[in-house]
Amino acid sequence: MGLDGSTLRAVEDEVPSACILLDARGRITNCNQAALQVLGKEGDAVIGKPLAKLLPELDLTSTNGPGMEAGKAIGPATNERWCIRPQDSASGGREVVSDGNTNDQFATMPDRQVLDADKRFEDFVELAADWFWETDADLRYNYLSAQYQKATGLSPESRLGYRRGEFRLNGPDDGEWDSHIADLKAYRPFRDFRFAYLDATGERRIALMSGRPIFDEAGTFAGYRGVGRDITEEFNTQKQLEFLAHHDSLTGLPNRVTLKDRLEHILAIARRSGTGVAVLSVDLDDFKLVNDTLGHAAGDTVLCEGARRMTSVLREMDTVARVGGDEFTIVQANSEGWESARASASRLIAHLTETIDVGGQKVHCGASIGISLYPDDGASVDELLRHADLALYKAKASGRNSFCFFVPEMNEEASKRRLLENQLNEAQHDNSLFLEYQPQVEIETGRVVGLEALVRWMRPGHGLVSPGAFIPVAERSGLILDIDRWVLRRACAQAKAWSDAGLFSGRIAINLSAVLLSRAGIVDEIRAILEATDLSPERLEIEITESVLLIHTDSVAATLSALNEMGVCLTLDDFGTGYSSLTYLRRLPVKKVKIDQSFIRNVDKDSDDAVIARAIVSLGHSLGLCIVAEGVEHRDQWKFLRDEGCDHAQGYHFARPLSTGDCENYLRQATDNALTMPSSSGVVNLAARCWHY
Ligand code: C2E
Ligand code: MG
Ligand code: MG
């Protein structure tokens with residue numbers, strides 16, 4: 001195996017001497033970088049130009065230049081290669097050397113520079129990461145550089161005499177052989193042809209090959225030569241990246257991008273074949289609860305198990321994609337309409353509601369599903385996905401573990417919701433939000449101990465909207481963050497003003513949404529508002545619902561502790577309507593519990609409600625909590641609660657939620673009454689006593 005000196009361009013550029021390839025008429029057909037430097041030209045400007053014109057002092061027809069052996073004529077034969085040493089090189093002369101099939105002459109040259117070039121050439125071949133190869137006219141290897149063995153573990157000898165195609169491994173990572181063979185048959189050069197093969201250990205690997213045809217002096221095809229490179233690692237990394245770009249890394253399911261592509265494709269087929277397509281939007285119920293209470297690792301297990309169950313109950317041809325945290329989308333081609341979609345949805349829910357074992361813990365995680373059907377519910381990818389989502393919204397609203405088909409009215413509801421959101425967004429700037437204050441009294445004395453700030457919205461064109469109607473919308477859209485911040489600032493400032501006027505020394509209670517309380521930095525925000533309004537933290541009460549306790553992440557627990565340490569009073573609102581777990585109460589720094597008004601409504605008539613209210617008062621007291629009854633409308637309810645030892649009450653019996661002006665009058669009256677009443681009546685001057693719970 002000898003090296004042919006007239007080999008590759010890569011080598012040409014590697015050698016320091018100028019290399020120029022001339023045709024029979026002495027015109028330049030190719031040259032390397034060093035030659036361009038010698039010629040003082042750039043790029044392709046020299047191609048096709050006679051070398052004699054560019055270098056007139058160079059006599060190409062005879063031996064010339066110092067250092068050449070006398071009598072050895074090396075005129076420009078066809079495809080002969082010349083090396084020219086630049087003027088400013090060590091020996092100062094300009095030399096012309098032919099290496100085209102003239103290794104003898106090359107060898108007889110006494111010039112060190114040329115010998116160095118030859119040595120460098122060999123070093124280059126040896127050190128290059130690529131291997132060099134050459135075939136005969138029958139495309140059988142007749143040369144493979146040593147690097148081939150280093151890269152593949154296969155000895156060059158084991159390949160010599162064989163064609164490359166004899167070792168190829170068919171497969172998806174193998175290149176386009178048909179067009180490659182066509183190139184070879186037409187003696188065309190090829191670049192970066194991918195080729196799968198087995199290495200010495202039997203592992204499937206990928207090589208990239210480039211080559212160009214060789215012709216002998218008579219112009220007859222003599223074979224190919226080129227470079228090869230093992231790209232298995234980069235290929236796998238690339239494939240991995242491509243996979244990640246199209247799949248969810250946790251479950252391995254297609255992601256939203258792939259889902260849309262597939263749905264597009266499936267719809268194109270459905271349009272041609274007149275078949276149906278079902279799109280199912282699936283949301284795992286209570287996933288957030290699992291994630292927040294048991295941690296992210298448990299959440300990941302639930303998602304993977306959910307994904308596995310969905311895939312296992314569907315047909316292989318159905319696509320299951322993960323499109324968000326706990327949201328999945330299923331596309332069923334060839335759907336037979338709503339009956340089959342309904343059967344799939346029932347099967348999915350049945351499997352997803354079965355308990356999941358998470359490290360020994362049994363977790364229940366059901367699912368809600370929204371369904372849209374092609375062609376009835378939409379013709380485009382976006383329309384079908386949007387309509388399945390609207391149906392899902394409805395399914396979730398109607399309770400857990402249910403599915404719902406899209407109906408056109410949902411579009412109308414959605415646009416109403418969007419309008420409401422837009423107007424609510426405006427409300428913060430156009431002063432249509434305002435606060436009312438509802439007094440809280442001490443049951444025993446009737447003394448005002450606090451005020452609950454309740455937000456109101458005068459919606460343009462609709463009149464007064466209750467918070468029950470817009471707070472859930474604000475929570476879903478995130479607008480609640482700004483609304484609650486606004487309420488905090490406004491209510492704290494108002495409490496301070498009434499306090500300065502000597503009208504109020506109790507606590508101002510504010511309902512804060514779980515969304516805001518789970519934000520990082522909320523403690524600092526509240527501290528800053530208290531400082532800005534100059535209200536002491538002891539005068540602030542924050543009402544939270546059990547949903548906050550369900551997001552029992554470490555950060556929420558830390559927020560509640562920090563607020564408690566600041567002196568802010570934490571109250572659990574609407575107790576009895578949610579999980580009503582007294583265990584939460586023991587773990588968290590809650591000081592007050594408000595019995596939900598649904599238990600108070602019939603507390604004087606219904607024995608069950610009376611038992612519940614009595615139990616909450618007594619259990620709460622045993623935990624050292626202050627108990628408040630909300631929704632007290634009648635004297636009999638008040639009497640019952642007083643007899644049971646309930647501490648505070650709030651409700652129409654004492655006062656309705658009042659506008660700022662009405663509340664101010666109410667406070668003024670309450671203060672006057674307290675001041676004029678003799679202390680023996682049991683009514684205490686509220687301004688004079690400080691309350692601790
Ligand atoms: P909540 O915190 O439980 O507030 C008590 C609700 O009961 C208020 O309804 C109040 O007007 C009503 N109420 C008070 N006394 C009586 C009574 O004797 N009988 C009856 N039937 N109802 C009474 P409202 O103002 O409609 O507020 C509803 C809910 O909206 C509040 O329940 C609270 O959870 C939420 N909310 C109100 N303001 C805000 C706010 O600024 N931010 C947040 N995040 N939520 C708020
Ligand atoms: Mg409240
Ligand atoms: Mg309440």
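Atoms within a ligand are numbered from 1 in the order they appear, just like the ligands themselves.
Within the cation-pi definition used here (under 6.0 Å to the ring centroid, within 45° of the axis), R456 does not qualify as a partner of F470.
For ligand 1 and P657, the ligand atoms under 4.0 Å from any heavy atom of the residue are 11 (O). In the vicinity of S513, heavy-atom distances shorter than 4.0 Å reach the ligand 1 atoms 44 (N). Atoms of ligand 1 found under 4.0 Å from any heavy atom of Q438 (numbered from 1 in listed order, with element): 14 (C), 15 (N). Within ligand 1, the atoms closer than 4.0 Å to a non-hydrogen atom of E630 are 3 (O), numbered from 1 in the order shown. Short contacts between ligand 1 and D573, defined as distances under 4.0 Å to a heavy atom of the residue, involve ligand atoms 1 (P), 2 (O), 3 (O). Remark: ligand 1 atoms within the under-4.0 Å shell around heavy atoms of G651 are 15 (N), 18 (O).
Not one N or O of L454 is nearer than 3.5 Å to an N or O of ligand 1, by distance alone. Checked by distance only, ligand 1 and S466 stay at 3.5 Å or farther apart across all their nitrogen or oxygen atoms. Of the polar atoms of Q650, none of the N or O atoms is found under 3.5 Å from an N or O of ligand 1, judged by distance alone.
Among the atoms of T571, no N, O or S atom falls under 2.8 Å of the Mg ion (ligand 2). For the Mg ion (ligand 3), the N/O/S atoms of D596 include none lying under 2.8 Å. Contact annotation: E630 places an N, O or S atom under 2.8 Å from the Mg ion (ligand 3).
With 3.5 Å as the limit, one finds a donor-acceptor pair spanning the side chains of E541 and T571.
Nearest N, O or S atom of D574 to the Mg ion (ligand 3): atom OD1. Sorting the N, O or S atoms of E452 by how far they are from the Mg ion (ligand 2) puts OE2 first.
Salt-bridge annotation for D382 and K260: present, with a side-chain N of the basic residue lying under 4.0 Å from a carboxylate O of the acidic one.
For atom 19 (N) of ligand 1, the nearest protein heavy atom (residue, atom name, distance) is E633 OE2, 2.5 Å.
If you look at F434 and W486, their ring centroids are not closer than 6.0 Å.
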